[in-house]
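One structure is given below, encoded as structure tokens.
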Amino acid sequence: MFIAQELRKNNIAEYLLYMWQVEDTIRAFGCSLSRIRREYIDRFDYDDDKKEDEADWFGNLIKMMNEEGCREQGHLQINKVTLQLLTELHQQLLSSPKFPFYNTEYYKVLPFIVELRNRGENKEVGEIETCLNLLYGVMMLRLQKKEITPNTEHAVKEVSTFIGMLSDYYKKDKEEPLEF
């Protein structure tokens, strides 16, 4: 919860990737709050009040996952909405002549997006979600200490720069609305 709050303020893409990881963490513990509390939250160096706040947050997420039918896979509605906001901002930035650097970065990563979408099972996944799926997948591979090819590393570097730029614009837009 505390990490999520900080990320949401500072980097929306990192927040979204973190929330996807939280969803997977909840699934890994069988959507059991008692297990999450005992085997996960108790490992943090938090005082009892913070641990209780964290447990409440996880409990609410578990409840939402159950209600929204994403215990096994998929994303919570709150995360889908965040992704939609990023996607809408992406479209606004692309259609405006005021953001040439964003457009340049987009066209740099477009070949990677096209390749990833062609490889994926769901061809309907949007461009921003495709980019985030790449970053999340590579993050999972790194956590598992699996090899990442040089081509994938290159794609990740380019996509990270692009998504970072989108996140920066998102933050700027929240602080003071951008003029398109």
Atom CG in N103, atom CG in L110: separation rounded to 0.5 Å? 11.0 Å

Does any donor atom in the side chain of Q84 or E88 lie under 3.5 Å from an acceptor atom in the other side chain? yes

Counting only heavy atoms not in Q73 (residues, nucleotides, ligands), do more than 12 fall under 6.0 Å from its CD? no

Is a donor from one side chain sitting under 3.5 angstrom from an acceptor on the other, for Y18 and N11? no

Whether E105 side chain and M165 backbone form a donor-acceptor pair below 3.5 Å: no

Main-chain N/O of I62 paired to N66 side chain as donor or acceptor, under 3.5 Å: yes

So with a 6.0 Å cut-off around CD of E175, is the heavy-atom count from everything else above 12? yes

State, without any angle test, whether E127 and Y106 hold a side-chain donor-acceptor pair at a distance under 3.5 Å. yes

Neighbour count >12 (heavy atoms, 6.0 Å) for atom CG, N118: yes

Is there a path from V125 to M140 through hydrophobic residues (I, L, V, M, F, W, Y) whose side chains come within less than 4.5 Å of each other? no

Indicate whether any N or O donor in one side chain lies under 3.5 Å from an N or O acceptor in the other, for Y102 and H90. yes

Just wondering, more than 12 heavy atoms not from K63 lying within 6.0 Å of its NZ? no

Residues at least two apart in sequence or cross-chain that pass salt bridge (charged side-chain N to carboxylate O under 4.0 Å, His left out) with D168, listed by chain then number, are none

Kindly indicate whether a cation-pi arrangement holds for K98 with F180, taking the cut-offs as under 6.0 Å to the six-membered ring centre and within 45° of the axis. no

Who pairs with F112 by ring-ring contact (aromatic ring centres under 6.0 Å, His included), at least two apart in sequence or on another chain? H154

Among residues at least two apart in sequence or on other chains, which ones pass ring-ring contact (aromatic ring centres under 6.0 Å, His included) with F58? Y40

